[in-house]
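For clarity, every value in this text was computed on a predicted model and none was experimentally measured. Quick note on labels: first sequence line is chain A, next is B, and so on, each numbered from 1.
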Protein chains: 2
Amino acid sequence: MHEDIDIGTRLKKLRHERQISQRQLAIKSKVSNAMISLIESNKTNPSLGMLKKILDSVPISISDFFAMEIKLTNKVVYRKDELTEIGSGPISYLQIGQNLNNNQPQMLLERYKPGADTGKSMLTHESEESGLILEGRLELTVGDQIYYLSTGDAYLFNSSVPHRFKNPGATDCVLVSACTPPSF
Amino acid sequence: MHEDIDIGTRLKKLRHERQISQRQLAIKSKVSNAMISLIESNKTNPSLGMLKKILDSVPISISDFFAMEIKLTNKVVYRKDELTEIGSGPISYLQIGQNLNNNQPQMLLERYKPGADTGKSMLTHESEESGLILEGRLELTVGDQIYYLSTGDAYLFNSSVPHRFKNPGATDCVLVSACTPPSF
DNA sequence: ATTTTTTGTTTAATATATTTAACGTTTTAA
DNA sequence: TTAAAACGTTAAATATATTAAACAAAAAAT
């Protein structure tokens with residue numbers, strides 16, 4: 001049922017990244033070096049105050065500490081024709097990168113054909129999303145509000161509020177969006 | 001120096017959102033109800049194992065628990081002339097939204113004049129950033145690699161790796177970027 | 001109106017996190 | 001080649017988190 005977390009290797013990894021010894025970290029954070037050792041070998045179940053004292057001295061937030069992922073890919077640039085096609089049809093999405101982590105922004109180059117929409121049922125997910133209109137016009141529904149955006153306009157909202165996108169114009173609507181964490 | 005965190009009201013807020021009592025939560029998470037009470041009134045400094053047991057039963061991740069914020073603004077659409085100007089000069093940034101939280105993507109419409117760069121010292125911060133070139137050309141340095149991007153190309157990398165941007169062309173370079181969490 | 005539950009809080013008992021001080025190894029200096 | 005310093009680990013002392021059991025107050029049930 002309840003699996004306990006391996007904060008030991010997390011902390012050790014963080015410490016190695018910053019290239020400091022257990023004792024140096026202990027001094028900075030004003031805890032005993034023994035504690036650092038015990039935590040890193042998962043021989044104790046540290047209190048939050050303890051963890052916070054240590055992470056504050058790094059510094060790194062608790063949230064970021066637990067969101068920390070083991071990064072592997074070293075790919076940086078995605079050429080025009082290397083963007084990941086997610087959907088085709090009336091709405092097409094081109095995504096920057098693949099298999100995104102929760103701490104990465106999901107950037108999409110979106111193209112809505114005239115009249116295209118995301119469906120009559122509203123979308124809901126646990127993210128924050130933002131976008132900027134590059135071409136055409138967009139009808140954006142967030143909660144019980146309907147907005148009309150033109151080229152250059154932008155939006156930013158919490159995706160847990162039901163929302164919906166539509167191209168109400170006669171020409172294609174092109175926009176760039178970012179969603180954190182990725183929604184699909 | 002080291003300020004301790006108020007996990008008490010955090011947990012109480014979470015519990016009230018889910019509309020369950022201390023004892024119900026205690027049973028679900030198999031800890032004593034006294035413990036829930038003590039934590040919520042900040043009368044104890046719980047261990048991570050303890051917190052994890054409780055949050056697992058909700059369920060919510062530790063990272064999300066600490067990223068949890070009190071939502072206030074209801075502004076959704078930012079008109080073309082409402083984007084927040086961050087810098088002017090050789091590089092100008094227009095940001096979508098203001099006072100961003102850590103769980104929001106920081107979207108920027110960036111314009112580099114010919115020859116403009118982010119300075120000779122490399123940038124480093126704890127984020128993930130991504131971008132798409134709209135006009136012109138961009139020279140991107142990440143670690144010891146230099147990339148040249150043209151209109152339509154994109155990038156995605158971890159910002160803790162030293163990096164640098166430059167417009168090597170004779171015309172303006174315009175791009176849209178997203179950074180999570182916001183870098184400034 | 002009076003039980004009967006359910007709420008959140010507190011106290012004493014006990015289990016365990018944390019520190020201090022030592023250990024053996026490896027690295028750096030002389 | 002030895003001395004000195006820094007590394008991570010461990011044992012016993014002590015400080016504190018956690019529990020079980022009782023508490024009073026409010027809500028629900030009869």
Side-chain angles (χ1 to χ4, degrees), chain A residues 1-68 70-71, chain B residues 1-68 70 160:
Chain A
M1 174 88 206
H2 160 74
E3 55 175 304
D4 41 344
I5 29 178
D6 178 15
I7 74 169
T9 51
R10 266 198 144 74
L11 180 57
K12 184 181 287 184
K13 179 168 179 292
L14 178 65
R15 184 170 62 80
H16 283 153
E17 273 179 13
R18 308 301 165 112
Q19 308 202 19
I20 54 180
S21 70
Q22 288 184 346
R23 282 182 147 87
Q24 288 174 312
L25 182 57
I27 292 170
K28 282 217 305 178
S29 53
K30 290 179 190 155
V31 306
S32 68
N33 59 312
M35 197 63 223
I36 307 279
S37 174
L38 292 172
I39 292 176
E40 289 192 354
S41 50
N42 286 318
K43 289 200 174 68
T44 189
N45 179 16
S47 70
L48 266 161
M50 173 58 60
L51 184 70
K52 180 112 200 314
K53 266 167 79 173
I54 297 172
L55 296 187
D56 275 355
S57 77
V58 171
I60 185 178
S61 77
I62 300 186
S63 177
D64 287 353
F65 178 72
F66 283 102
M68 198 168 81
I70 302 92
K71 178 68 60 30
Chain B
M1 171 91 207
H2 159 74
E3 55 176 301
D4 41 345
I5 29 177
D6 177 14
I7 73 168
T9 52
R10 265 200 145 72
L11 179 58
K12 185 181 286 185
K13 178 168 180 292
L14 178 65
R15 184 170 62 80
H16 283 152
E17 273 178 12
R18 310 298 166 114
Q19 309 200 19
I20 54 179
S21 70
Q22 289 184 345
R23 282 182 147 87
Q24 288 174 312
L25 182 56
I27 292 170
K28 282 217 304 180
S29 52
K30 289 178 192 156
V31 306
S32 68
N33 59 310
M35 197 63 223
I36 308 278
S37 174
L38 293 171
I39 293 176
E40 288 192 355
S41 49
N42 286 318
K43 288 201 174 68
T44 190
N45 178 16
S47 70
L48 267 162
M50 174 57 60
L51 183 71
K52 180 115 202 311
K53 266 166 80 172
I54 297 172
L55 296 187
D56 276 355
S57 76
V58 171
I60 184 178
S61 77
I62 299 186
S63 177
D64 287 352
F65 178 74
F66 283 103
M68 198 168 80
I70 301 91
S160 62

**Prompt:** Would you say A:N45's side chain and B:S47's backbone share a donor-acceptor pair under 3.5 angstrom?
**Reply:** no
**Item:** Heavy-atom closest pair, residues A:K28 and A:S57
**Value:** NZ-O, 2.9 Å
**Exercise: identify the closest heavy-atom pair between A:M35 and A:M50** = CG-SD, 3.7 Å
Provide a list of protein-nucleic acid N or O atom pairs under 3.5 angstrom, restricted to nucleotides 27-29 of chain C.
none

**Asked** Is the backbone of A:A26 close enough, under 3.5 Å, to the side chain of A:N33 for a donor and an acceptor to pair up by distance?
**Response** no
**Asked** So, does A:K12 use its side chain to make a donor-acceptor pair with the main chain of A:E40 at under 3.5 Å?
**Response** no
Between the protein and nucleotides 8-10 of chain C, list every N/O to N/O distance that falls short of 3.5 Å.
{"unit_1": "C:dG8", "atom_1": "OP1", "unit_2": "B:R15", "atom_2": "NH1", "d": "3.1"}
{"unit_1": "C:dG8", "atom_1": "OP2", "unit_2": "B:Q22", "atom_2": "N", "d": "3.0"}
{"unit_1": "C:dG8", "atom_1": "N7", "unit_2": "B:R23", "atom_2": "NH1", "d": "2.6"}
{"unit_1": "C:dG8", "atom_1": "O6", "unit_2": "B:R23", "atom_2": "NH1", "d": "3.1"}
{"unit_1": "C:dG8", "atom_1": "O6", "unit_2": "B:R23", "atom_2": "NH2", "d": "3.3"}
{"unit_1": "C:dT9", "atom_1": "OP2", "unit_2": "B:Q22", "atom_2": "NE2", "d": "3.1"}
{"unit_1": "C:dT9", "atom_1": "OP2", "unit_2": "B:S37", "atom_2": "OG", "d": "2.9"}
{"unit_1": "C:dT9", "atom_1": "O4", "unit_2": "B:N33", "atom_2": "ND2", "d": "3.2"}
{"unit_1": "C:dT10", "atom_1": "OP2", "unit_2": "B:K43", "atom_2": "NZ", "d": "3.2"}

**Fill in**
When rounded to the nearest 0.5 Å, the distance separating CG of B:L51 from CZ of B:R10 is 10.5 Å
**Asked** If you take all heavy atoms of A:K53 and A:S29, which pair is closest and at what distance?
**Response** O-CB, 3.5 Å
**Request:** Please name the pair of heavy atoms, one in B:F65 and one in B:L11, separated by the smallest distance, quoted to 0.1 Å.
**Result:** CZ-N, 3.9 Å
**Complete:** Between B:N45 and B:Q24, whichever has its closest DNA chain C nucleotide further toward 5' is B:Q24
**Request:** Calculate, to the nearest 0.5 Å, the distance between atoms CD1 and OG belonging to B:I36 and B:S21 respectively.
**Result:** 9.5 Å
**A:V31 versus A:I54, closest heavy-atom pair with distance** = CG2-CG1, 4.3 Å
**Range on DNA chain D touched by chain B - first to last nucleotide, heavy-atom distance under 4.0 Å** = D:dA17 to D:dA22
